[in-house]
Protein chains: 2
Amino acid sequence: MSAPSQVTRALIALRERIFSGALRPGERLAEIPLAEAIGVSRTPVRLALAELEKEGLVEPAPGGGFLVRAFTAREIDDAIELRGTLEGMAARLLAEHGASRALSRALSDCLAEGDSALAGSELTAEALQRYAEMNRRFHGLIAEAAGNAALARALAMVSAIPFASASALVPSPGSSAARHRLLIYAHEQHHAIVEAITGGQGARAEALMREHACNTRANLRLILEAGDAAPPGFRTLVSGRIAAA
Amino acid sequence: MSAPSQVTRALIALRERIFSGALRPGERLAEIPLAEAIGVSRTPVRLALAELEKEGLVEPAPGGGFLVRAFTAREIDDAIELRGTLEGMAARLLAEHGASRALSRALSDCLAEGDSALAGSELTAEALQRYAEMNRRFHGLIAEAAGNAALARALAMVSAIPFASASALVPSPGSSAARHRLLIYAHEQHHAIVEAITGGQGARAEALMREHACNTRANLRLILEAGDAAPPGFRTLVSGRIAAA
DNA sequence: ACGGACATTGTTGCATGCAAGGACTCGTTT
DNA sequence: AAACGAGTCCTTGCATGCAACAATGTCCGT
C-alpha cells in the first residue's frame, strides 16, 4: 500500500513525459522502449496505457498500441462549455433540494477565503495559488452535494480533460490585467451562486453557474489569441484556434 | 481483423455472464477460473476486466481484482436525469447553430418512421423494435450534430450505463397500457423537438428535450413500482427503489 | 535510377511462470 | 465449544518468452 505499484509508477512517468513534451502528440507509444525507459516490465506499461486511454491522454493506434493524443483548442472549449452545463445542473439540483447547514458553511468559508486571497493590492503567486485551491474546493463541494452520482462522475471526467477544469486556467502573476479583472469578476459570481443556492433559486443558480464557465472560456481565448501566459504543458499539447462565436 | 481478438472474446463472454445472472452483483471476479471458463489466458481477461471497469460494469475490489457492480435504481434514475440535461444541451446547440438540410431530412425521416411504427392498432414486437431503432437513430443524430465533441462523448458514456439510454426502456408487447400511451406521447415530443430545432428555438428545444428524458424515468418507475415488464438482465442487475420525488 | 522482392528488425497480442499476500481450513489449547 | 495459530491453497501483480504481423532496409533485376 505504501510502495507505489508498478502500474502507478508507469502512469506517473507517462503523464510527466506527455506534459513535459518528451512525448509529443501523435507520437507512437511502444511498450518495450517505454518499459525500458521507465524501469518496469511491459505488463504495467500496458495497463497504464489502458488507463491513460480512459483519461483521454492517449488513443489507440491503427494496428494496435497507442498514440499520444493531440488536443485542439476547440475540444477544450467544448469541454469547458459542457462543464458549464453540468455544473449548472448541479447548482440547480442543490438549490432545489436545499443545502445543508454544513455545506452552506463550507461554501461561505470558500467565499471568505477567495475574498481574502484577492484582497491584496497585487496578485502574488501565493494569493493565486490559494485562490485556485479554494476554487477547486468550491466547485467540488457543489458537484458532490448535488446528489446525483452520474453527474458527479461526468463532472470528474470532463474536469480531467487537460485545461478544462475550473481551476486549470486561473491566471499566474505574469498574466495580463484583463485576466486578473476576470478573476475578480468570477469570484463575485461565486457569491451570487451561493446566494442563489441557499435561497432555493434553482433557475438562477443554474444560469449563473453556466455563465461562470464562460470565464474559463474567456481565459482560453486570451491565452490563444493574445498570447497570454499559459499553464505548463499547454503550448505542447494544445493546437488550433477557436472558431469565432 | 476478421477473427475476434482474445480480449474481445473475453469481453463478450463476461458481459453475457453478467447480464444473464451467471455472475451476480458483488461477486468476485477471479482471473484464473474466468480464463479457464472462457478459454483464454489471463492477459486478455485482465484487459477485458479493465475495459469493463471503464464501462462501469465492474469495480475494483479491496486487495486487488474486481467485483461485479451492483446498480441501484437511484443510480440509473440519476443517469437518465443527466442524459436529459446533456441531450437538452445538444438540442439547444443545434437549434442555435442551425440544422443542415441533410440533418433536417434525416430527422424528418425518423419522425415518419416512428409514426409508421406506432400506426397499427396494436404494438407488435416488430413495431416496437422498429420504434426502438428509430429512437436510437434520432437521439444519435442530435448528439452528433450538436458539434461539441466532449458532449457527444459524455452522452455516449451515460447511454452506456445499463438501462439509461434513450431506447433502453422502450416497452415490449407485454408491457402495460400506461407505458404504451407514454410511448405515443414521447413520439409526439419528438415532433415538437424537431420543430424547435429547425425553427432555431434554442430554449424551447432544450426544455423539451429535458422533459423528454422524464419519459424514461417514468418507465423506470413503472417497472420498479408497478412490476411492469422489464428488459433482459434488469431484475438481476438492478436493486433498490427511487426516492419519492 | 527505380521498383520489387526478400530479409531483418521492431512491436503487439498472448501465454505462462514466479513470488508475495490474503483467505480458508484444520488442529491444538484454553 | 470457542479462539488462536500454523499451514496450505488460491489469487493477484508482475516479469518474460514466443509467435505473428508490420515496417523498414537492402539487394538485385530491368
Side-chain angles (χ1 to χ4, degrees), chain A residues 1-70, chain B residues 1-70:
Chain A
M1 60 176 181
S2 44
S5 72
Q6 301 289 71
V7 176
T8 302
R9 288 184 55 216
L11 271 173
I12 289 165
L14 286 168
R15 281 201 200 100
E16 186 179 294
R17 283 157 194 263
I18 288 169
F19 277 88
S20 72
L23 291 174
R24 310 216 45 123
E27 197 166 335
R28 186 77 186 239
L29 296 164
E31 286 176 6
I32 294 176
L34 285 176
E36 192 174 308
I38 297 170
V40 297
S41 74
R42 289 169 55 205
T43 311
V45 169
R46 173 168 311 160
L47 287 170
L49 288 170
E51 180 69 29
L52 290 178
E53 186 194 7
K54 191 169 151 186
E55 294 178 15
L57 278 181
V58 307
E59 63 190 340
F66 295 92
L67 308 174
V68 179
R69 265 199 65 211
Chain B
M1 56 178 182
S2 44
S5 72
Q6 301 288 71
V7 177
T8 302
R9 286 185 55 216
L11 271 173
I12 289 165
L14 287 168
R15 279 200 200 101
E16 185 179 295
R17 282 154 194 263
I18 289 169
F19 277 87
S20 71
L23 292 173
R24 311 218 42 127
E27 196 166 334
R28 186 77 185 239
L29 296 164
E31 285 177 8
I32 294 177
L34 285 176
E36 191 173 311
I38 296 171
V40 297
S41 75
R42 289 169 56 206
T43 310
V45 169
R46 171 167 312 157
L47 286 170
L49 287 171
E51 181 69 27
L52 290 178
E53 185 195 9
K54 189 168 154 186
E55 295 178 14
L57 279 181
V58 306
E59 62 190 341
F66 295 92
L67 308 174
V68 179
R69 263 197 69 207

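Predicted model, so just to flag it, every value in this text is computed and none were measured.
Side chain of B:Arg42 to backbone of B:Ala35: no donor-acceptor contact under 3.5 angstrom is found. Between the B:Glu16 side chain and the B:Ala13 main chain, no donor and acceptor come within less than 3.5 Å of each other.
Ionic pairing of A:Lys54 and B:Glu53 is present here: one or more N-O contacts between side-chain nitrogen and carboxylate oxygen are shorter than 4.0 angstrom.
Computed from coordinates, the A:Phe66 CZ to C:dG13 C1' distance equals 12 Å when rounded to whole Å. When rounded to the nearest whole Å, the span between CG of B:Leu47 and P of D:dT12 equals 14 Å. A:Gln6 places its CD atom 18 Å from the P atom of D:dT12, with the value rounded to the nearest Å. If you measure from atom CZ of A:Arg46 to atom C1' of D:dA15, you get 12 Å, rounded to the nearest angstrom.
With rounding to the nearest 0.5 Å, the separation of CD in A:Glu59 from CG in A:Leu52 is 12.5 Å. Atom CG in B:Leu49 sits 8.5 Å away from atom CG in B:Leu11 (nearest 0.5 Å). Remark: A:Ser41 OG to A:Glu31 CD distance equals 9.5 Å, nearest 0.5 Å. Once rounded to the nearest 0.5 Å, the distance linking CZ of B:Arg46 with OG1 of A:Thr43 reads 7.0 Å.
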For each nucleotide in nucleotides 17-23 of chain C, reading 5' to 3', give B when a protein heavy atom comes within less than 4.0 Å of its base, S when such contact involves only the sugar-phosphate, and - otherwise. BB-----

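Listed pair B:Ser41 / C:dA15 meets the phosphate criterion, a side-chain N or O lying under 4.0 Å from OP1 or OP2.
Across residues 22-36 of chain A, not one residue has a non-hydrogen atom less than 4.0 Å from an atom of DNA chain D.
Taking both residues in full, the closest heavy atoms of B:Gly39 and B:Arg9 are given as O-NH1, 4.1 Å, listed atom of the first, atom of the second, then distance.
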